[in-house]
Amino acid sequence: MNKVYKNANEALFDIRDESVIMLGGFGLCGIPENCIAALVQLNVQKITCISNNAGVDDFGIGLLLKKKQVKKMIASYVGENAEFERQLLSGEMEVDLIPQGTLATRCMASGYGMPVIYTPAGVGTEVAEGKEVRNFNGKDYLMEYAFNADFALVKAWKGDHLGNLIYKETARNFNPLMAMAGKITIAEVEELVQPGELNPDYIHTPGIYVHRIFQGTNYEKRIEQRTVREK
Amino acid sequence: MNKVYKNANEALFDIRDESVIMLGGFGLCGIPENCIAALVQLNVQKITCISNNAGVDDFGIGLLLKKKQVKKMIASYVGENAEFERQLLSGEMEVDLIPQGTLATRCMASGYGMPVIYTPAGVGTEVAEGKEVRNFNGKDYLMEYAFNADFALVKAWKGDHLGNLIYKETARNFNPLMAMAGKITIAEVEELVQPGELNPDYIHTPGIYVHRIFQGTNYEKRIEQRTVREK
Amino acid sequence: MLSKEQIAQRIAKELKDGYYVNLGIGIPTLVANYIPEGINVTLQSENGLLGMGPFPIAGEEDADLINAGKQTITTLAGSVFFDSAMSFGMIRAGKVDLTVLGAMEVSENGDIASWKIPGKLVKGMGGAMDLVASAQNIIVAMMHTNKKGESKLLQKCSLPLTGVHCVKRIVTDLAFLEINQNGFKLLERAPGVTVEEIQDKTEGELIIEGEVPEMCF
Amino acid sequence: MLSKEQIAQRIAKELKDGYYVNLGIGIPTLVANYIPEGINVTLQSENGLLGMGPFPIAGEEDADLINAGKQTITTLAGSVFFDSAMSFGMIRAGKVDLTVLGAMEVSENGDIASWKIPGKLVKGMGGAMDLVASAQNIIVAMMHTNKKGESKLLQKCSLPLTGVHCVKRIVTDLAFLEINQNGFKLLERAPGVTVEEIQDKTEGELIIEGEVPEMCF
């Protein structure tokens with residue numbers, strides 16, 4: 001069983017129009033840059049993207065928005081993207097905004113075989129519309145369904161040939177959760193190593209969740225808010 | 001805010017009779033040996049133990065059973081312990097047997113603020129008696145409540161002064177899950193280090209879940225089934 | 001009247017030793033600059049970090065290390081990274097002792113609106129709905145009035161809600177207030193601000209009991 | 001009639017390259033010894049390990065490294081440790097391709113009993129209830145009859161159940177059977193065992209279609 005692919009285009013060989021695609025990352029941190037470039041190049045149409053953010057105008061998922069490849073966006077925060085705003089207000093794109101913790105936990109629920117989770121996030125707000133509200137121990141919770149996707153595209157720091165993944169710092173974010181929620185999970189890594197090179201105590205995503213893996217190239221790792229202090 | 005204690009007896013200073021106590025470990029692997037010794041020495045009575053197993057006759061939770069300190073045992077498998085059997089059959093001790101995955105996930109649910117989880121484990125069996133069964137996507141699930149405990153006693157390999165923990169190999173098992181589920185979580189570690197000595201990417205239990213920590217001594221680490229092969 | 005920095009400074013006085021704290025974007029972020037001497041707090045960033053350090057020195061920015069506001073930051077000795085599910089897990093489980101966040105509107109029963117202005121841009125709620133629904137101890141940091149001079153402390157929020165019955169305390173440029181079952185209880189006035197001015201600029205029920213002290217810093 | 005080792009060997013022929021497999025205690029554990037040439041499978045141990053290796057060489061036992069049967073084991077290149085919630089998470093999510101476990105009784109509709117004999121010792125279900133409720137592909141490895149010579153393949157289980165409608169295939173010392181909507185379909189006979197003997201020792205509905213081949217190894 002070979003999981004190793006040469007590059008993003010090969011790993012995404014069977015991606016289709018109208019696919020539901022999860023993309024890891026928070027802001028531009030830890031996003032699957034090579035997979036996004038492949039989606040643009042392969043010109044996949046009418047996709048549903050599930051991702052915490054929608055990138056910026058000229059990077060990340062913003063590249064897919066610019067080419068109008070996205071039919072629907074499911075995210076928690078999209079405030080960094082003017083093209084997104086335009087397509088949303090013009091009705092060109094559907095948008096489903098859901099709380100960040102709900103998004104994260106619905107992905108995890110899928111990887112943990114839990115059909116639903118209960119969360120207090122959104123109770124009493126428009127997020128709760130049409131959803132079951134249930135009281136446990138005096139507190140109201142919304143029932144939210146587990147999420148999965150046709151493809152989960154995630155970015156890790158290191159990975160091995162069996163699909164085991166390690167993330168770096170806050171680039172972890174949604175990546176391990178979405179990695180568990182893909183019918184097909186494709187991981188791009190900065191460094192692809194042989195099995196045995198990663199310490200088994202410190203692997204974040206066990207390879208059982210990962211179907212394909214490749215070593216990415218030319219990581220730009222753009223910084224959204226460069227904040228610094230005086231020495 | 002000092003979380004560091006000198007030893008188990010000091011860390012357990014406020015433990016009371018009739019406490020509900022979670023104990024990490026699987027079989028005798030990764031059990032909080034020092035905390036168990038302290039429970040014996042402090043002679044805490046009528047405790048409810050939540051632990052995957054009940055130790056063996058002369059080690060682990062078996063030591064508490066021998067001294068008849070346990071009022072109720074909540075576990076998934078207790079087949080290694082004859083004294084346990086005797087107390088169970090004589091009615092001296094209450095026992096609640098629950099599936100292993102349900103036990104693990106109910107602890108995690110507590111640490112993740114989820115009031116209940118749904119699992120298919122036990123549907124159609126006596127485990128389901130009195131519980132809500134609900135169908136999602138054509139499959140039946142049981143609703144199981146999150147678990148917490150007055151005290152969670154866990155064992156880690158390394159820990160720092162802030163309560164951050166790293167476990168070794170399969171000694172991880174239930175420890176990180178119970179660490180999240182204690183109203184007071186007490187961690188014993190083989191090696192207590194200064195903050196900054198553990199790699200922040202590889203910490204399994206963030207210190208926010210841990211209230212007290214101490215460096216254990218004289219770890220026996222008994223092996224239950226010594227199986228070997230020829231060279 | 002308080003500057004944004006002074007609002008943050010007043011909130012910082014509510015920190016207790018050992019607190020785990022989540023600071024939202026904007027004024028709340030500034031609270032980190034005023035942590036009192038001898039008080040140790042650990043900052044949680046909901047994208048997946050406990051133990052957030054200061055901004056990096058120029059040239060040492062790390063694209064893989066950002067906070068929930070997407071700003072480059074640093075770690076401290078004892079920091080921990082985790083995924084976003086665990087991050088919101090610890091928030092939902094009530095492990096975060098204090099949450100400070102901004103708001104567009106707060107109502108006298110503790111409702112908060114902060115994520116959407118219908119007809120204008122919808123930026124999304126990010127983690128705010130999770131935070132307000134889960135935190136036991138929420139302080140809102142905001143201006144007392146909006147740019148048009150209208151009160152942001154209302155009988156009832158007019159904007160789509162972020163959460164209900166959740167805000168406990170509010171620090172504005174004019175006052176420190178607590179929400180109880182009857183409305184906004186005025187705890188402290190900003191230096192030089194009169195009770196009358198606060199009353200004037202508070203649309204919701206303002207509760208004044210006895211002499212209202214001036215804040216001290 | 002098959003030995004326990006041969007039961008394991010027959011089951012091992014069902015393994016496919018790339019499979020993630022969970023092997024229960026007893027006969028199932030032996031399956032690991034017969035993995036066919038050229039087939040790569042990864043063994044999951046539900047206490048928290050993916051990529052279980054063989055027993056350690058004497059003197060190299062590690063108390064921190066055991067399998068779900070509490071036996072000392074080793075890792076392989078590419079092994080991963082995780083906590084028990086993630087372990088059962090991947091089981092519930094259907095990521096494990098094949099589960100092999102023992103049983104006291106199996107019924108013709110796929111129910112299984114394996115954890116309790118009322119009045120005698122209750123050992124507990126351990127992870128068995130989670131495994132049988134979640135796995136898509138379950139093979140039971142057991143003797144065809146109990147020590148008293150009574151059939152363990154029943155119309156209806158008499159012991160408390162571990163799970164319902166879950167067993168897909170059974171390998172016993174006498175036969176390889178598949179459970180379909182009508183009962184136990186006989187797929188293969190053990191070498192030298194007649195269809196009549198299997199029929200005799202099967203209390204539940206046995207379905208025999210055409211010539212039943214003998215197992216080959």
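As the structure is a computational prediction, the values presented were derived from the model and not from experiment.
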Out of [options], return the one with the most heavy atom pairs under 4.5 angstrom to chain D.
{"options": "B:Gly30, B:Ala121, B:Gly27, B:Ala75", "answer": "B:Ala121"}
{"options": "B:Asn175, B:Thr125, B:Thr227", "answer": "B:Thr227"}
{"options": "B:Val78, B:Leu89, B:Leu177", "answer": "B:Leu177"}
{"options": "B:Pro99, B:Ala104, B:Gly122, B:Cys107", "answer": "B:Pro99"}
{"options": "B:Val123, B:Leu88, B:Ile98", "answer": "B:Ile98"}

Side-chain contact, heavy-atom cut-off 4.5 Å: [X] with [Y]?
{"X": "D:Arg92", "Y": "B:Pro120", "answer": "yes"}
{"X": "B:Val127", "Y": "D:Met125", "answer": "yes"}
{"X": "D:Gln71", "Y": "B:Glu224", "answer": "no"}
{"X": "B:Gln100", "Y": "D:Phe88", "answer": "yes"}

Report which part of D:Thr162 has an atom under 4.5 Å of a heavy atom belonging to chain B: side chain, backbone, both, or neither.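 For D:Thr162, the backbone is the part near chain B, not the side chain.
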Does a sphere of radius 6.0 Å around [atom1] in [X] hold more than 12 heavy atoms from other residues, nucleotides or ligands, not counting ones at 6.0 Å or beyond?
{"X": "D:Gln136", "atom1": "CD", "value": "no"}
{"X": "D:Met1", "atom1": "CE", "value": "no"}
{"X": "B:Asn218", "atom1": "CG", "value": "no"}
{"X": "D:Lys185", "atom1": "NZ", "value": "no"}
{"X": "B:Lys131", "atom1": "NZ", "value": "yes"}

Given D:Lys70, which partner from the list B:Ile223, B:Leu28, B:Asn53 fulfils the side chain to side chain contact (heavy atoms under 4.5 Å, CB included) test? B:Asn53
In a check of side chain to side chain contact (heavy atoms under 4.5 Å, CB included) between B:Thr170 and each of D:Asp62, D:Asp64, D:Asp83, D:Ile66, which one passes? D:Ile66
Would you confirm whether B:Arg226, through its side chain, and D:Thr72, through its main-chain N or O, come within 3.5 Å as a donor-acceptor pair?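 No, because the side chain of B:Arg226 does not come within donor-acceptor range (under 3.5 Å) of the backbone of D:Thr72.
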Closest non-hydrogen atom pair, B:Arg172 against D:Phe81: NH2-O, 3.2 Å
One thing to verify: whether D:Lys123 and B:Glu85 come together as a salt bridge, which I'm taking to mean a side-chain N less than 4.0 angstrom from a carboxylate O. no
Nearest-0.5 Å distance that lies between atom [atom1] in [X] and atom [atom2] in [Y]:
{"X": "D:Ser134", "Y": "B:Lys139", "atom1": "OG", "atom2": "NZ", "answer": "5.5 Å"}
{"X": "B:Glu169", "Y": "D:Leu65", "atom1": "CD", "atom2": "CG", "answer": "5.0 Å"}
{"X": "D:Ser84", "Y": "B:Leu103", "atom1": "OG", "atom2": "CG", "answer": "8.5 Å"}
{"X": "B:Thr119", "Y": "D:Asp130", "atom1": "OG1", "atom2": "CG", "answer": "5.5 Å"}

Count the heavy-atom pairs under 4.5 Å between each of [options] and chain B, then report the option with the highest count.
{"options": "D:Met86, D:Glu60, D:Met129", "value": "D:Met129"}
{"options": "D:Ala85, D:Ala63, D:Gly126", "value": "D:Gly126"}
{"options": "D:Thr75, D:Leu161, D:Asp111", "value": "D:Leu161"}

For chain B, find its close neighbours in residues 35-57 of chain D: heavy-atom separation under 4.5 Å, sorted by number, or none.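 Answer by number: D:Glu46, D:Asn47, D:Gly48, D:Leu49, D:Pro54, D:Phe55, D:Pro56, D:Ile57.
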Under 4.5 Å, heavy atom to heavy atom: which of residues 12-34 of chain D reach chain B? Give them by number, or say none. none
Between B:Arg229 and chain D, which part of the residue has a heavy atom less than 4.5 Å away: side chain, backbone, both or neither?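 Backbone plus side chain of B:Arg229, per the 4.5 Å heavy-atom cut-off to chain D.
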